[in-house]
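What you see below is based on every heavy atom in this structure, not just the backbone, and it leaves out hydrogens, waters and symmetry mates. Every chain is numbered from 1, with letters handed out A, B, ... down the list of sequences.
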Amino acid sequence: MRRGPSWFNLVSLTVGFAFLYLPIVLLVAWSFNASRLVTVWGGFSTKWYVALLSDQQLLDAAWVTLRVGLLSATVATVLGTLAAIALARGGRFRGHTLFSGMIYAPLVMPEVIMGLALLLLFVALRFDRGFWTVTLAHTTLTLSYVAVVVHSRLITFDRALEEAAQDLGATPARAFMSVTLPNIFPAVLAGWMLAFTLSLDDLVIASFASGPGATTLPMRIYSQVRLGVTPEINAVCTILIAIVATGVIIWSLAMKWRSAGAARQALA
Amino acid sequence: MSRPPTVKPPRSEAGRRLNIGAVRSSFAPWNDPDATPLVRFEGVTKRFGDQTAVRDVSLDIYPGEFFALLGPSGCGKTTLMRMLAGFESLDAGRITLAGEDLAGAPPHRRPVNMMFQSYALFPHMTVEQNIAFGLKQDGMDRKAIDARVAEMLALVKLEAFARRKPDQLSGGQKQRVALARAVARKPTMLLLDEPLGALDKKLREETQFELMDLQVQLGMTFLIVTHDQEEAMVMADRIAVMREGEIVQIGRPEEVYESPANRYVAAFLGDVNLFETTVEAIAHPMAHLTATETDAGFYVLDDDCPAAGATVWLAVRPEKMRISLDPPSADVKNVLAGEIWDIGYTGDWTNYIVELPGGTLVRVARANDRRVVERPIDWDDKVWVSFDPDAGVVLTS
């Protein structure tokens, strides 16, 4: 018996990963290029990272993006979770199918259309476009994603647990806080992270909803790239990749540690 | 067949057990006109869409009773229990607990607690946190909670498992945690939804006796929902047999088994042979019946038997029939000749299916009280089946 992957599997794996990660690896490599010319290797250097610290515009954009991401992800998580609860627990109220369809629709709606619609709304309401309109727009965009993630968890959650809590004297609200929420929390957190990431890299909707003084990082990067790719941009992107990768690694380690802890307890 | 627990309880407990038996057989508040029921269902009806789950049910349950709702799945027994717990609303009628109308009281304000079929243990809490949950909702102080939790853990013998999570427990242990959690708040009444359904047969039988002991020990009223007739008969003081949302009969286990109200109850509780017959004549205390299909004549006690000419059903339990290879003596009243069609051997019992002339099948059960039988009854043997006049019950519906 042969052990391990076959040649065919090995090749398809290599090609697949190359397809996914070659562009990223290239980008990271070029960010350490000493030369200003993007396609000419001039030796290893970290000077573009140092240069970043003095690029005030880029730093401002990063700060805006972070604030928009944190705020919109949090609001979207609260609203999305509430929507998911209404869908999963509200019973078969009138218009249930319509409501659930409408919750899912933004997932497949072209972002350009959503951005344009939001822009029209902000103009009609005479909102000054800036930080708050971007945050609002991102909340609208990501709310559906949170609702979908939390809803799929809620429908597999044993309803008897909530009933048991109420039976033992907890009000419906308390039963939710002390029994349902702790059990669906991983899904809520996953929804938050999804919302945060979506907000972090959104360019289309931000372009429509943003105004002076509220340029997000993707907008900044995009506008700079139009003038030519600089090693500085490569460096920014590498930092973004590092942040996301670190988050994912910490998350999976925490999950692994949790299940290992449970297994240890079971053996004890 | 049920066995007592394999480990005999210690002496003092054994004494208490005898006591329980004595208390149980004299316990009959439902016959006492002055007794006040703890729970009253009055004309309770529940509809789901155009389906009627519970139809005009009236039922009294008395303090200290172990009451069973028995019926096949979909008969409305669980709905009835959930209405008492407050998880379903009533479409008509009312439910009172200790004289108070429960209408409008949400589940968390009802002084009853429920043990769920799935146990519904909180997976993110330890055993002791699960048990303490209800006490915390009642605003008990920490010390009192700790004491009560310890007491409950001792009651269900799970002291060593206090800090385990539910997914680290066996099915039987989970069942006991669910029980401890449900009785921790000292509810006026404990509702048990198929409490033993997820346990294997041996454990189920042991747990039946544990539940009975526990009920007397706590002095609590138990309402159990089950589809398992043996479970209901072993544990309950009274059984309500349900069918399609209605209660068909209420009575002690031996009443519903030996004097079923109709063919449905007779067939649902255990096995029964039913003969469609016509009443020929009544000569008190005996009634003479003739089978519609075979013209066989039966002589049975005339209790509740309608007048001559009526069509009735004669119900005879398999274990109350005798089977022999030789014809019984001439003075035996009810004799049927037939041929062995099938034999089912279960160890303690053997079930014989006898085919009568005309094709009717009769089931006869015989206890295997000997290890070796000289001439065992075999397939295709010609046999005689007989029963005493008091073995059969005359049913009119």
Side-chain angles (χ1 to χ4, degrees), chain A residues 81 85 88-97 150 152-192 251 254-268, chain B residues 48-49 78 81-82 84-89 105-126 129-140 160-161 163-170 177-178 180-187 189-191 193-194:
Chain A
T81 303
I85 293 165
R89 294 284 185 267
R92 302 294 309 182
F93 56 87
R94 236 183 130 76
H96 183 274
T97 317
V150 176
S152 63
R153 175 70 187 98
L154 270 177
I155 50 177
T156 57
F157 181 75
D158 185 6
R159 192 111 199 239
L161 289 181
E162 276 166 43
E163 289 183 343
Q166 289 181 35
D167 187 64
L168 291 166
T171 60
R174 271 207 68 127
F176 179 81
M177 294 306 285
S178 56
V179 172
T180 313
L181 197 57
N183 282 293
I184 63 163
F185 193 69
V188 174
L189 201 60
W192 188 90
W251 172 257
M255 285 290 126
K256 209 172 161 183
W257 177 80
R258 255 184 65 166
S259 52
R264 236 195 336 274
Q265 266 186 299
L267 289 175
Chain B
F48 292 113
T78 302
M81 176 183 272
R82 288 174 60 83
L84 178 55
F87 295 120
E88 306 286 354
S89 58
H108 62 272
R109 286 217 207 93
R110 299 194 180 196
V112 297
N113 278 137
M114 184 158 166
M115 201 183 125
F116 289 78
Q117 187 173 7
S118 61
Y119 307 144
L121 298 178
F122 306 133
H124 59 300
M125 296 184 192
T126 61
Q129 287 169 334
N130 263 283
I131 298 174
F133 186 87
L135 305 171
K136 271 191 197 145
Q137 309 305 320
D138 291 346
M140 230 187 206
F161 299 88
R163 284 173 206 281
R164 292 254 185 125
K165 291 274 182 72
D167 59 2
Q168 300 159 354
L169 300 175
S170 72
V177 177
R181 187 180 71 177
V183 298
R185 296 171 76 209
K186 300 184 182 157
M189 192 167 182
L190 180 67
L191 313 179
D193 187 4
E194 303 273 4

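Heavy-atom minimum distance, A:A164 versus B:F116: CA-CE1, 3.4 Å. Scanning all heavy atoms of the two residues, the minimum distance from B:R185 to A:G169 falls at NH1-N, 3.6 Å. Minimum interatomic distance between A:L161 and B:P123 (heavy atoms only, all atoms of both residues): CD1-CD, 3.7 Å. When all heavy atoms of B:H108 and A:A170 are compared, the pair lying nearest together is CB-O, 3.2 Å.
A:V179 places a side-chain heavy atom less than 4.5 Å from the side chain of B:F133.
Heavy-atom distances place the side chain of B:R82, and not its backbone, under 4.5 Å from chain A. Contacts of A:A175 with chain B are absent, with no heavy-atom separation under 4.5 Å from either backbone or side chain. Using a 4.5 Å cut-off between heavy atoms, B:M125 contacts chain A through its side chain alone, with no backbone atom that close. Heavy atoms closer than 4.5 Å to chain A are found in the backbone of B:L121, but not in its side chain.
To the nearest 0.5 Å, the span separating CZ on A:R159 from OG on B:S118 amounts to 13.0 Å. Within the model, atoms CG of A:L168 and CG of B:N130 stand 9.0 Å from one another, a figure rounded to the nearest 0.5 Å. Interatomic distance, CZ of B:R110 versus CD of A:Q166, reported as 11.5 Å (0.5 Å rounding). In this structure, NZ on B:K136 lies 9.5 Å from OG on A:S178, to the nearest 0.5 angstrom.
Looking only at distances, a side-chain donor or acceptor of B:N113 sits under 3.5 Å from a matching main-chain atom of A:D167. Between the side chain of B:H124 and the main chain of A:T180, no donor-acceptor pair closer than 3.5 Å is present.
Pairs of residues two or more places apart, or lying in two chains, that qualify as ring-ring contact (aromatic ring centres under 6.0 Å, His included) and include a residue from residues 162-192 of chain A are A:W192-A:F196.
Checked against salt bridge (Lys or Arg N to Asp or Glu O under 4.0 Å), A:D158 has no partners two or more places apart in sequence or in another chain.
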